Amino acid sequence: MPGVTNAFYAQSGGVTAVINASAAGVIETARQHPERIGTVFAGHRGILGALTEDLIDTGQESAADIAALKDTPGGAFGSCRYKLQEIATDPSQYERLIEVFRAHNIGYFFYNGGGDSADTCLKVSQLGESMGYPVQAIHIPKTIDNDLPNTDCSPGFGSAAKYVATSVREVGLDVESMCSTSTKVFILEVLGRHAGWTVAAGGLAGSSEAQPPHLLLFPEIRFEAEPFLVRVRDCVATYGYCVIVASEGLRRSNGDYVADADSHDAFGHQQLGGVAATLATLIRTQLGFKVHHALADYMMRAARHLASAIDLDQAYAVGKAAVDYALAGRSGIMVSIQRMADDPYEWTLGEAELTGVANIEKTMPASYISDDGYHITDACRRYLQPLIQGERTPPFVNGLPRPVRLKKIRVDKKTGRDFPV
């Protein structure tokens with residue numbers, strides 16, 4: 001795109017411990033090219049920031065504060081779950097985007113999110129062809145679920161995996177020390193929707209059958225109560241206790257979720273949760289064991305203090321590469337991570353067409369799940385182990401981590417009208 005134009009960056013979907021590192025990668029790289037990119041406007045709360053013309057001028061933030069985003073979890077500019085309709089169904093949304101983009105001279109669109117966000121980015125990339133306003137749209141991958149296709153891993157996953165594996169190892173020692181007279185079973189429920197990657201991460205905590213976790217419950221494997229209870233009983237009989245990692249998306253043999261919250265998000269996904277409590281009740285009533293359970297929930301995606309250094313590096317790199325690709329004229333793609341070797345871990349960046357990414361989930365391959373369905377294989381361990389390597393502790397003040405809080409100065413609205421969302 002000739003001349004100097006501005007850029008739009010936004011965060012979408014569930015945030016991670018390292019998504020702000022991607023933001024830093026975008027903003028710092030764009031600042032290095034003032035001859036091509038003017039201002040990077042951040043959308044407040046994702047694509048809603050574009051529709052409502054609620055734009056943050058990142059040029060008003062200091063270089064030090066932008067750099068400090070790498071130490072800060074959450075979504076610094078606010079995120080959202082909002083689904084754009086098809087252009088043919090609701091052209092008004094796209095007319096509004098063009099109106100805002102034109103008013104603020106925006107020619108670059110960087111959308112930082114998961115599979116649903118890839119869908120949004122794909123639709124925006126098609127504005128030039130369908131509505132005559134060309135925008136170079138690049139999707140920046142992010143999801144703790146690790147379910148994006150055509151990339152080795154998704155930034156955000158490595159840190160969540162490190163948190164899960166660390167928590168399982170630590171709580172396993174706790175339960176083991178008390179099991180003779182107290183708790184026999186502990187269940188950790190993890191996020192991950194329909195893919196078992198975060199469950200598999202828990203498997204890294206132990207290096208032998210005797211070490212926790214003793215059982216992993218993947219959403220890819222249908223849950224059956226009777227054989228599960230047999231395994232729990234035998235585990236307690238053999239080791240004195242049993243530690244379990246269970247997916248929020250665990251399903252029964254008939255396809256129903258073991259537990260769900262009976263609600264849906266903007267993209268139609270069922271809100272999941274409650275598996276650990278359901279399993280705890282089953283074990284307590286059928287086996288009589290004392291059971292404790294916990295939900296890793298938002299903690300596993302917010303734990304910047306325990307982030308993987310590899311994950312941080314990759315999160316920053318995909319943000320930087322998004323700008324580089326856009327300046328090279330690319331659009332309608334996702335920045336991908338490509339694994340070159342396992343040990344030592346080597347990776348590089350590439351690109352994937354959004355038509356092969358949007359609304360497609362990458363689940364655990366069968367070769368990564370043990371034959372009995374309750375643990376990971378050596379192949380899975382080789383895949384996961386590099387992604388949790390390294391520590392990069394954020395600054396601490398008075399005993400607590402210090403996140404950056406940006407000024408988030410808004411840009412004057414120029415369209416002269418509101419837009420209902």
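All of these numbers come straight from a predicted model, not from anything done at the bench.
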Under a 3.5 Å distance rule, please check whether [X] uses its side chain to pair with a backbone N or O of [Y] as donor and acceptor.
| X | Y | answer |
| --- | --- | --- |
| Ser154 | Lys142 | no |
| Tyr82 | Ser12 | no |
| His293 | Leu188 | no |
| Asp116 | Arg81 | no |
| His214 | Val243 | yes |
| Asn20 | Thr72 | yes |
| Gln338 | Thr348 | no |
| Ser336 | Glu351 | yes |
| Thr58 | Val40 | yes |
| Glu224 | Arg252 | no |

(Q) My understanding is that only residues two or more places apart in sequence, or in another chain, count here; which of them pass side-chain contact (heavy atoms from CB on, under 4.5 Å) with Pro395? (A)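 Listed in chain order: Asp71, Arg402.
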Does any donor atom in the side chain of [X] or [Y] lie under 3.5 Å from an acceptor atom in the other side chain?
| X | Y | value |
| --- | --- | --- |
| Asn112 | Tyr9 | yes |
| Ser207 | Gln211 | yes |
| Glu99 | Thr415 | no |

Q) Hey, what's the ring geometry for His305 with Tyr163, parallel, tilted or perpendicular (30° and 60° as the breaks)? A)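 The arrangement is perpendicular - the two ring planes meet at more than 60°.
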Could you tell me which non-hydrogen atom of [X] sits nearest to which non-hydrogen atom of [Y], and how far apart they are?
| X | Y | answer |
| --- | --- | --- |
| Ala23 | Phe77 | CB-CE1, 4.1 Å |
| Val232 | Val185 | CG1-CG2, 4.0 Å |
| Thr377 | Ser370 | CG2-N, 3.7 Å |
| Leu250 | Phe218 | CD1-O, 3.4 Å |
| Phe186 | Ala294 | CZ-CB, 3.9 Å |
| Arg96 | Leu51 | NE-O, 2.7 Å |

**Q.** From CA spacing to verdict: side-chain contact (heavy atoms from CB on, under 4.5 Å), Phe101, Val135
**A.** CA-CA 9 Å; Phe101 290 168; Val135 179; 3.9 Å; yes
Could you give the distance from [atom1] ([X]) to [atom2] ([Y]), rounded to the nearest 0.5 Å?
| X | Y | atom1 | atom2 | answer |
| --- | --- | --- | --- | --- |
| Cys121 | Phe110 | SG | CZ | 9.5 Å |
| Gln60 | Lys407 | CD | NZ | 7.0 Å |
| Ile244 | Ile283 | CD1 | CD1 | 4.0 Å |
| Leu306 | Arg392 | CG | CZ | 13.5 Å |
| Lys413 | Asp54 | NZ | CG | 6.0 Å |
| Ile144 | Thr16 | CD1 | OG1 | 8.5 Å |

(Q) Tell me whether Arg251 forms a cation-pi arrangement with Tyr257, defined as NZ or CZ under 6.0 Å from the six-membered ring centre and within 45 degrees of its axis. (A)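 Yes, a cation-pi geometry holds between Arg251 and Tyr257.
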Q. Does Lys123 make a cation-pi contact with Tyr94, if we ask for NZ or CZ under 6.0 Å from the ring centre and within 45° of the axis?
A.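 No cation-pi geometry.
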Q) For the ring pair His104 and Phe41, is the centre-to-centre distance below 6.0 Å? A)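 Judged by ring-centre distance (under 6.0 Å), His104 and Phe41 do meet the cut-off.
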Q) Do Phe228 and Phe223 have their ring centres less than 6.0 Å from each other? A)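 Phe228 vs Phe223: aromatic centres under 6.0 Å.
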Q. Is the closest basic N to carboxylate O distance between Glu53 and Arg410 below 4.0 Å?
A.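 Judged by the 4.0 Å cut-off on N to carboxylate O distance, Glu53 and Arg410 do not form a salt bridge.
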Q.
Give me each pair satisfying ring pair (Phe, Tyr, Trp, His ring centres under 6.0 Å) with a member in residues 375-415, each pair once, sequence neighbours excluded.
A.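 Matches after skipping sequence neighbours: Trp197-Tyr383, Tyr368-Tyr383.
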[X] side chain near [Y] side chain, heavy-atom distance below 4.5 Å:
| X | Y | answer |
| --- | --- | --- |
| Tyr133 | Arg102 | yes |
| Thr183 | Tyr241 | no |
| Ile310 | Ile388 | no |
| Thr363 | Asp147 | no |
| Ile333 | Val357 | no |
| Thr5 | Ile106 | no |
| Leu148 | Lys362 | no |
| Pro155 | Ile337 | yes |

Tell me whether [X] at atom [atom1] has more than 12 heavy atoms from other residues, nucleotides or ligands lying less than 6.0 Å away.
| X | atom1 | value |
| --- | --- | --- |
| Arg45 | CZ | no |
| Gln32 | CD | yes |
| Arg417 | CZ | yes |
| Asn398 | CG | no |

Q.
For Gln314, give me all partners under side-chain hydrogen bond (donor to acceptor under 3.5 Å, both in side chains), at least two apart in sequence or on another chain.
A.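 Gln314 satisfies side-chain hydrogen bond (donor to acceptor under 3.5 Å, both in side chains) with Tyr345 only.
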Q.
The criterion is side-chain hydrogen bond (donor to acceptor under 3.5 Å, both in side chains); which residues satisfy it with Ser92, sequence neighbours excluded?
A.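 Once residues adjacent in sequence are excluded, the partners of Ser92 under the side-chain hydrogen bond (donor to acceptor under 3.5 Å, both in side chains) criterion are Asp90.
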Q. Given the rule in the side-chain contact (heavy atoms from CB on, under 4.5 Å) test, do Ile56 and Leu406 qualify, once you have shown the distances and angles that lead to the verdict?
A. CA-CA 10 Å; Ile56 296 165; Leu406 303 178; over 6 Å; no
Q: Would you list the pairs meeting salt bridge (Lys or Arg N to Asp or Glu O under 4.0 Å) in which at least one residue belongs to residues 368-389, sequence neighbours left out?
A: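 Applying salt bridge (Lys or Arg N to Asp or Glu O under 4.0 Å) to every pair that reaches into residues 368-389, excluding sequence neighbours, yields Arg231-Asp372.
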Q | Selection residues 148-160 - residue pairs positive for salt bridge (Lys or Arg N to Asp or Glu O under 4.0 Å), sequence neighbours left out | A |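 Salt bridge (Lys or Arg N to Asp or Glu O under 4.0 Å) check on residues 148-160 returns Asp152-Arg339.
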Q: Check the pair Asp57, Lys408 against salt bridge (charged side-chain N to carboxylate O under 4.0 Å, His left out), reporting the backbone distance first and the verdict last.
A: CA-CA 7 Å; Asp57 182 357; Lys408 292 191 277 192; over 6 Å; no
Q | Stepwise salt bridge (charged side-chain N to carboxylate O under 4.0 Å, His left out) test for Lys162 and Glu391 | A | CA-CA 10 Å; Lys162 191 180 185 79; Glu391 295 74 44; 2.8 Å; yes
Q: Run the numbers on Val190 and Leu295 for side-chain contact (heavy atoms from CB on, under 4.5 Å), then give the verdict.
A: CA-CA 6 Å; Val190 296; Leu295 278 68; over 6 Å; no
